[in-house]
Amino acid sequence: MTHHKEEIIRVRFAPSPTGHLHIGGARTALYNFLYARHAGGQFILRIEDTDVERSEQRFVDAIIHDLQWLGISWDEGPVFQSDRLDIYREYVEKLLEQGRAYRCYCTPEELERKRKKAVAEGKRPGYDGTCRNRKLPGEGPFTVRLKTPDTGSVSFTDVLRGEVVWQCQEIEDFIIMRSNGIPTYNFTAVIDDALMGITHVIRGDDHIANTPRQLLIYRALQFEPPVFAHIPLIVGPDRAPLSKRHGAVAVSAFREMGFLAEAMVNYIARLGWGYGDQEIFSMEELIELFDVKDVNRSPATFDIEKLRWMNSHYIQQKRPGELAGLLKPFMDKRGLPCPSGDSKFLMLVRELQPRAKTLDEMAEGAAFFFRAPEFYDDRGLRKFCGKEGRQYLRMIRNELAQLSSSASRDEIQKVFEKVMETTGAKMIKLAQPVRLALTGKTVSPGIFEIIEILGVEEAVKRIDLLLQYIKENEIS
RNA sequence: GUCCCCGUCGUCUAGCCAGGUCAAGGACACGGGCCUUUCGAGCCCGCGGCACGGGUUCAAAUCCCGUCGGGGACACCA
């Protein structure tokens with residue numbers, strides 16, 4: 001998408017701090033960011049906090065934190081609309097003076113009643129214009145409404161959809177300033193976009209119906225409107241816009257589930273956009289290749305399975321050392337240490353890399369490193385720790401006990417080969433009981449590897465523990 | 001109700017603007033196989049789609065019209 005003028009591209013992301021940054025907002029922010037970086041333009045963060053009832057500082061902090069985590073940075077801001085009320089009022093005043101807007105004294109109750117009546121009669125539930133033609137000044141609190149044209153049309157060329165036309169008669173005299181003196185979204189967005197020199201507005205599809213209203217404000221103020229690109233919403237499996245009832249939607253929730261920022265960015269970018277057959281994109285590649293005009297026009301369904309696959313890809317790409325650092329909160333959660341400098345722990349991380357789809361799963365898989373099993377997998381016990389299995393356990397235990405504490409993987413493997421040879425047993429008959437002894441589970445990384453990681457001394461201790469447990473619980 | 005947007009495998013996406021090389025390609029998921037000490041990872045194979053109906057054309061996923069289906073807006077929320 002190219003702008004017709006020789007000017008610096010300026011885009012913005014304008015969340016309202018009434019909740020956490022969710023997947024959809026993150027994608028909008030990302031697309032704006034990518035577009036700005038690609039064009040060598042500027043990206044502005046603007047906090048739309050004109051809803052004083054619902055805006056909260058903690059959400060501002062959380063949104064900023066999440067954007068930073070994703071690697072999305074901005075050149076200006078955060079700009080708070082609540083700091084700019086005087087500016088908006090100045091423009092409201094101007095429109096009032098020019099007769100392009102008027103004061104409305106209708107009460108919310110009255111309006112609600114009229115709206116219901118209109119709907120009941122099958123009419124359009126728009127404002128009926130009571131105060132538009134009011135001769136005498138009203139009393140009490142008032143809102144300010146824009147006087148919209150009765151005839152003609154407004155249109156704009158959307159980057160994704162082409163020409164979109166609206167008949168002005170479809171647009172009621174909507175409120176631009178509330179009775180509490182704070183202007184509404186449509187008004188503040190226009191003033192800010194115009195004053196901040198925003199050249200391209202990239203935002204969610206749900207704003208498409210706001211655009212003609214905003215265009216009327218641009219017209220009344222004689223500002224030149226920016227280029228608009230309305231990107232489709234992200235939907236749930238039921239094709240309804242993604243929301244809390246679909247489960248986790250907050251970026252922070254995905255971080256807490258153990259998803260990597262790289263995977264989130266890659267997945268979100270790829271959701272609604274593609275570049276040939278390529279699936280994996282770094283932020284640099286995205287900046288290079290992404291263009292808003294290539295975004296799909298139809299809504300995309302959020303699919304956590306594909307996100308998990310991507311996360312697994314990035315987990316496998318990472319250096320064990322870095323991964324160990326990222327694991328910290330997930331180990332903390334389990335009351336376990338996270339010795340990211342410990343070479344044995346790093347070896348374990350390396351073994352876990354192709355086995356964990358999230359950091360949380362990896363932490364779970366690493367738990368046995370720090371504590372002997374508290375219980376053993378029941379089915380595994382019955383299947384592998386019968387009389388025969390116990391015999392193998394004892395033999396391996398005794399062989400391992402002969403090894404030095406720094407025994408290598410090869411030496412450990414030789415122990416198993418020797419026992420296999422003397423007993424004629426298959427590897428699985430030996431490996432599973434030992435795995436149970438060391439981890440309590442029937443699944444884990446390779447058995448030689450985990451003995452090496454744990455150390456033969458600890459391995460022997462845990463085998464003894466299992467033997468003891470079996471004796472005490474009289475398992476046959 | 002009125003207005004607006006959307007419609008390629010279950011899901012994401014390539015192809016559509018510039019009709020033929022598309023008996024529609026890739027990825028996730030799913031099924032099977034190989035490997036193998038479990039699980040996973042990896043590799044190989046498979047399943048599966050142009051919403052429907054007309055039209056234009058020698059030729060349509062691509063252009064036109066209609067139908068159906070999904071979603072959004074119509075707030076003193078953004």
Side-chain angles (χ1 to χ4, degrees), chain A residues 14-18 48-51 53-55 104 106-108 111-112 115 118-126 141-145 158 160-162 164-167 169-172 174-180 182-186 188-189 203-213 230 232-233 235 237-241 267 270-280 296-310 312 316 351-357 365 380 384 413 416 420 426-432 434-436 439 441-448:
Chain A
S16 65
T18 53
E48 307 215 324
D49 56 351
T50 53
D51 183 345
E53 305 285 301
R54 299 194 298 147
S55 295
C104 173
C106 298
T107 65
L111 294 170
E112 185 56 29
R115 203 168 7 246
V119 171
E121 289 171 2
K123 287 189 207 143
R124 202 188 149 69
F142 61 87
T143 60
V144 176
R145 289 180 183 273
D158 190 275
L160 271 70
R161 300 157 211 284
V164 181
V165 186
W166 244 274
Q167 296 306 313
Q169 59 188 27
E170 297 288 338
I171 304 162
E172 61 175 325
F174 57 94
I175 290 171
I176 56 175
M177 189 168 79
R178 302 176 178 90
S179 54
N180 66 4
I182 298 176
T184 57
Y185 161 73
N186 279 130
T188 57
R203 66 191 356 172
D205 224 352
D206 50 337
H207 286 295
I208 202 160
N210 284 321
T211 309
R213 288 157 202 277
H230 289 97
L233 267 20
V235 299
D238 57 355
R239 306 303 292 181
Y267 179 71
R270 193 62 188 61
L271 195 56
W273 173 83
Y275 184 77
D277 289 341
Q278 192 171 340
E279 294 288 347
I280 301 299
N296 254 286
R297 278 190 290 270
S298 55
T301 310
F302 185 80
D303 178 17
I304 199 165
E305 285 308 319
K306 186 153 184 179
L307 208 211
R308 284 170 59 77
W309 167 77
M310 237 171 219
S312 141
Q316 292 188 61
E351 291 304 317
L352 260 12
Q353 273 179 284
R355 282 170 243 263
K357 290 215 159 47
F384 297 106
Q413 182 164 354
F416 280 78
M420 276 194 284
K426 295 258 195 223
M427 180 64 189
I428 190 166
K429 298 281 198 182
L430 274 43
Q432 287 303 66
V434 176
R435 197 183 309 281
L436 243 359
T439 70
K441 300 173 189 169
T442 53
V443 304
S444 84
I447 197 72
F448 310 138

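Just so it is clear, the values below take in all heavy atoms, side chains as well, and ignore hydrogens, waters and symmetry mates. Naming: A, B, ... by sequence-line order, numbering from 1 per chain. Keep in mind that what you see is a predicted model, and the values were worked out from it rather than measured.
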[X] side chain, from C-beta outward: closest of [options]:
X        : options             : result
A/Glu170 : B/U13, B/C5, B/U2   : B/U2
A/Asp51  : B/G26, B/A78, B/A75 : B/A78
A/Glu172 : B/C28, B/C5, B/C74  : B/C74
A/Lys306 : B/A27, B/C5, B/C6   : B/A27

Quantified in whole Å, what is the [atom1] atom distance between nucleotide [N] and nucleotide [M]?
N     : M     : atom1 : result
B/G26 : B/C63 : C1'   : 27 Å
B/G53 : B/G69 : C1'   : 14 Å
B/C34 : B/U11 : P     : 32 Å
B/A14 : B/C4  : P     : 27 Å
B/A60 : B/G54 : C1'   : 13 Å

What is the distance, rounded to the nearest whole Å, between atom [atom1] of [X] and atom [atom2] of [N]?
X        : N     : atom1 : atom2 : result
A/Gln167 : B/C74 : CD    : C1'   : 16 Å
A/Glu305 : B/A27 : CD    : P     : 17 Å
A/Asp206 : B/C74 : CG    : P     : 10 Å
A/Met310 : B/U11 : CE    : P     : 18 Å
A/Asn296 : B/C16 : CG    : P     : 13 Å
A/His230 : B/C3  : NE2   : P     : 20 Å
A/Asp303 : B/G26 : CG    : P     : 19 Å
A/Leu430 : B/U36 : CG    : P     : 18 Å

Heavy-atom pair of closest approach, residues [X] and [Y]:
X        : Y        : answer
A/Gln432 : A/Thr442 : NE2-O, 3.4 Å
A/Cys106 : A/Leu111 : CB-CD2, 3.9 Å
A/Tyr267 : A/Thr301 : OH-O, 4.0 Å
A/Arg145 : A/Cys104 : NE-SG, 3.3 Å

* **Nearest-nucleotide comparison on RNA chain B, the residue closer to the 5′ end among A/Arg145 and A/Val165** =>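 Between the two, 5'-proximity favours A/Val165.
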* Asked: Mapping A/Pro108 and A/Glu279 onto RNA chain B by nearest heavy atom, which one lands closer to the 5' end?
  ->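 Its nearest nucleotide lies further toward 5', so the answer is A/Glu279.
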With the criterion being N/O to N/O and under 3.5 Å, what pairs connect the protein with nucleotides 21-25 of chain B, and how long is each?
residue: B/G25; atom: N2; partner: A/Asp277; partner atom: OD1; Å: 3.3

* How would nucleotides 37-48 of chain B be written as a contact map, 5' to 3', with B for base contact, S for sugar-phosphate-only contact and - for no contact, using protein heavy atoms under 4.0 Å? -> BBBBS-------
* Examine the base of B/C76 for any acceptor or donor lying under 3.5 Å from a partner atom in the side chain of A/Thr184, and report the outcome as yes or no. =>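 For A/Thr184, whose side chain was compared with the base of B/C76, there is no donor-acceptor pair (under 3.5 Å).
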Sort me out a list of protein N/O and nucleotides 68-71 of chain B N/O pairs below 3.5 Å, or just none if empty.
none

